[in-house]
Amino acid sequence: MNALRMYAILAATTAALGVGVWQWIRAHRTTPEQRERQRRQRLALMGRICDGTVLDVQEISANGHGPQQLLIYSYDVGGVSYEASQDITHLRQFIDVNSCKLGLPSSVRYDPHNPGNSIVISEAWTGIRQ
């Protein structure tokens, strides 16, 4: 077997392996919804809790998608005030958006390493006080 034929076989094998790895990565890619669900689960399990206030619930339509419901809230961590929003469109079965009004006290779960990363509600936890 000459060297030219050996290099051709090696190149074909490398290309086939590369295509296989690329297809496997594409098949196991997470969607934005899955990443958001994982973020909520991680914060519900390991996040610290502080007091917050619900400021508003708004419904918006963006980029031709259906309406999204956003829960807007504020909280303080270490003397820094944060104002954030959470998309609660897929969490409607866990919360009555009509009861969320301006000034409603709530608990907020946040990441101690990144306090701007926070939630008020998830599938396993809710900070809305009734």
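As the structure is a prediction and not an experimental result, all values here were calculated from the model.
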Checking the side chain of Thr89 only, and the main-chain atoms of Gln69 only, is there a donor and an acceptor separated by less than 3.5 Å? yes
With a 4.5 Å cut-off on side-chain heavy-atom distances among I, L, V, M, F, W and Y, is there a chain of contacts connecting Tyr82 to Ile121? yes
Heavy-atom side-chain contact between Ile60 and Leu70 under 4.5 Å: yes
Roughly how far apart are Asn114 CG and Leu43 CG, rounded to 0.5 Å? 9.0 Å
Interatomic spacing from CD in Gln34 to CZ in Arg37 - rounded to 0.5 Å: 6.0 Å
With sequence neighbours left out, write down each residue that passes side-chain hydrogen bond (donor to acceptor under 3.5 Å, both in side chains) with Gln58, or none if nothing qualifies. Asp56
Got a list of side-chain donor-acceptor pairs under 3.5 Å for residues 71-79, not counting sequence neighbours?
{"unit_1": "Tyr73", "atom_1": "OH", "unit_2": "Ser118", "atom_2": "O", "d": "3.1"}
{"unit_1": "Tyr73", "atom_1": "OH", "unit_2": "Ser118", "atom_2": "OG", "d": "2.8"}
{"unit_1": "Tyr75", "atom_1": "OH", "unit_2": "Pro115", "atom_2": "O", "d": "2.5"}
{"unit_1": "Tyr75", "atom_1": "OH", "unit_2": "Ser118", "atom_2": "OG", "d": "3.0"}
{"unit_1": "Asp76", "atom_1": "OD1", "unit_2": "Ser81", "atom_2": "OG", "d": "2.7"}

Could you see if Ile9 belongs to whatever hydrophobic cluster contains Val19? Use Ile, Leu, Val, Met, Phe, Trp, Tyr and a side-chain cutoff under 4.5 Å. no
Listed once per pair and sorted, the salt bridge (Lys or Arg N to Asp or Glu O under 4.0 Å) pairs that draw on residues 105-114, sequence neighbours left out: none
hydrophobic_cluster_shared for Ile88 and Phe94, side chain cutoff 4.5 Å: yes
Pairwise side-chain contact, Val108 with Ile49, heavy-atom cut-off 4.5 Å (strictly under): no
Residues clustered with Leu4, ILVMFWY side-chain links under 4.5 angstrom: none
Does any non-hydrogen side-chain atom of Tyr110 lie less than 4.5 Å from one of Asn117? no
Output every pair passing salt bridge (Lys or Arg N to Asp or Glu O under 4.0 Å) with a member in residues 17-28, not counting sequence neighbours, ordered by first then second residue. none
Got more than 12 heavy atoms from elsewhere within 6.0 Å of CZ, Arg39? yes
Say whether Leu55 and Ile128 are linked into one hydrophobic cluster, either directly or through other cluster members, by side-chain heavy-atom distances under 4.5 angstrom. no
Under the 3.5 angstrom rule, does the side chain of Gln23 hit a backbone N or O of Gly20 as a donor-acceptor pair? no
Distance in Å, Asn2 CG paired with Tyr7 OH, rounded so as to fall on 0.5 Å steps: 11.0 Å
Can you pull the salt bridge (Lys or Arg N to Asp or Glu O under 4.0 Å) pairs that have at least one residue in residues 116-130, sequence neighbours excluded? Arg40-Glu123, Asp51-Arg129
Atom CD of Gln86 and atom CD of Glu36: how far apart are they, to the nearest 0.5 Å? 6.5 Å
Applying the 4.5 Å side-chain criterion to the ILVMFWY set and letting contacts propagate, would Val21 and Trp24 be lumped into a single cluster? yes
